[in-house]
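Excluded from the calculations below are hydrogen atoms, water molecules and symmetry mates; all remaining heavy atoms, backbone and side chain alike, are included.
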Amino acid sequence: QVQLLESGGGVVQAGGSLRLSCASSRRTFSRDALAWFRQAPGKEREFVATIARPGTTYYTDSVKGRFTISRDNANKMLYLFMNNLTPEDTAVYYCAARDTILTAPTYTAVNDYHYWGQGTQVTVSS
C-alpha cells in the first residue's frame with residue numbers, strides 16, 4: 001500500500017518558489033524521522049533536508065537559507081518550502097521516512113530511510 005505520496009512539483013523560473021507536500025499513511029508518522037532527497041538526471045540521489053521527531057531540522061549546505069522543511073503531525077504531512085530556486089535545483093524530489101527514537105542521530109544517507117514516495121519533478125528554468 002502507498003505510505004508516502006508527494007505533490008507540488010512543477011516548472012518554475014529561476015528565483016521562484018515552490019512548496020512540496022508529502023502525505024503519509026503511516027501510523028507511526030509522529031514518531032518517524034522524515035526527509036527530502038532529490039535526484040537529478042544522471043546523478044545519484046542526494047540528501048536535501050531532514051526533520052527529526054522533536055522537530056530538529058538539518059539541511060545540505062546548498063539549500064541552507066533557501067529551503068525550509070516542516071511537518072504537521074496531526075495531518076501526517078511533510079513539507080518542503082523552496083525559495084530562490086536555481087536551475088541546479090532541478091530534480092525529482094522524494095520524501096522518505098524511517099522509524100526512530102527520540103534520541104536518534106540525524107539521518108542523511110539514502111540507506112538510512114526505509115520508506116519512500118514515488119517522487120515529484122521540479123524543473124527550474126533559467
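Between A91 and A40, the shortest heavy-atom distance links the atoms CB-N, 3.8 Å. Residues G9 and V122 share a closest heavy-atom pair of CA-CG2, 4.2 Å. Contact between L18 and G8 at its shortest, heavy atoms only, is CD2-O, 3.9 Å. Closest approach of M77 to S21, counting heavy atoms only: CE-CB, 3.7 Å. Listed here is the closest heavy atom pair of Y59 and A49: CD2-CB, 3.5 Å. Scanning all heavy atoms of the two residues, the minimum distance from L78 to S70 falls at CD1-O, 3.3 Å.
Y113 and W36 fall into different hydrophobic clusters, defined by Ile, Leu, Val, Met, Phe, Trp and Tyr side-chain heavy atoms under 4.5 Å apart, directly or through other members. Note on F29 and W116: separate hydrophobic clusters, where clusters join Ile, Leu, Val, Met, Phe, Trp and Tyr whose side-chain heavy atoms are under 4.5 Å apart, directly or indirectly. Residue F37 is not grouped with residue V63 when hydrophobic side chains (ILVMFWY) are merged at heavy-atom distances under 4.5 angstrom, including chains of intermediate members.
Using a 4.5 Å heavy-atom threshold, the side chains of T123 and V12 count as separate. N83 places none of its side-chain heavy atoms less than 4.5 Å from the side chain of R19. The shortest distance between side-chain heavy atoms of M82 and L20 falls below 4.5 Å. The side-chain heavy atoms of R31 and T100, taken from C-beta on, include no pair separated by under 4.5 Å. Looking at heavy atoms from C-beta onward, T28 lies in side-chain contact with D99 at the 4.5 angstrom threshold.
Taking the ring centroids of F47 and Y107, they lie at or beyond the 6.0 Å cut-off.
Relative ring orientation between F67 and Y93 is described as tilted, the plane-to-plane angle lying within the 30° to 60° band. Ring geometry, F81 versus Y79: the interplanar angle falls from 30° to 60°, so the pair is classed tilted.
Checked by atom type and distance alone, the side chain of T50 pairs as donor or acceptor with a backbone atom of L34 at under 3.5 Å. Put simply, the side chain of E6 never gets that close to the backbone of C22: no donor and acceptor are under 3.5 Å apart.
A salt bridge links D89 to R66: one of the charged nitrogens lies within less than 4.0 Å of a carboxylate oxygen. One finds no salt bridge joining D32 and R98 here, because no Lys/Arg side-chain nitrogen approaches an Asp/Glu carboxylate oxygen to under 4.0 Å.
Between the side chains of S24 and R26, no donor-acceptor pair is found at a separation under 3.5 Å.
Remark: R45 is positioned above the aromatic ring of Y94, its terminal NZ or CZ atom under 6.0 angstrom from the ring centre and at most 45 degrees off the axis.
A distance of 8.5 Å separates CZ of R71 from CD1 of I69, quoted to the nearest 0.5 Å. Note: K76 NZ to S30 OG = 8.0 Å, rounded to the nearest 0.5 Å. Taking OG of S25 as the start and CD of Q3 as the end, the distance is 5.0 Å to the nearest 0.5 Å.
Here the options are E46, E44, E88, the test is salt bridge (Lys or Arg N to Asp or Glu O under 4.0 Å), and the partner is R38; only E46 passes.
Within 6.0 Å of NZ in K64 there are more than 12 heavy atoms belonging to other residues, nucleotides or ligands.
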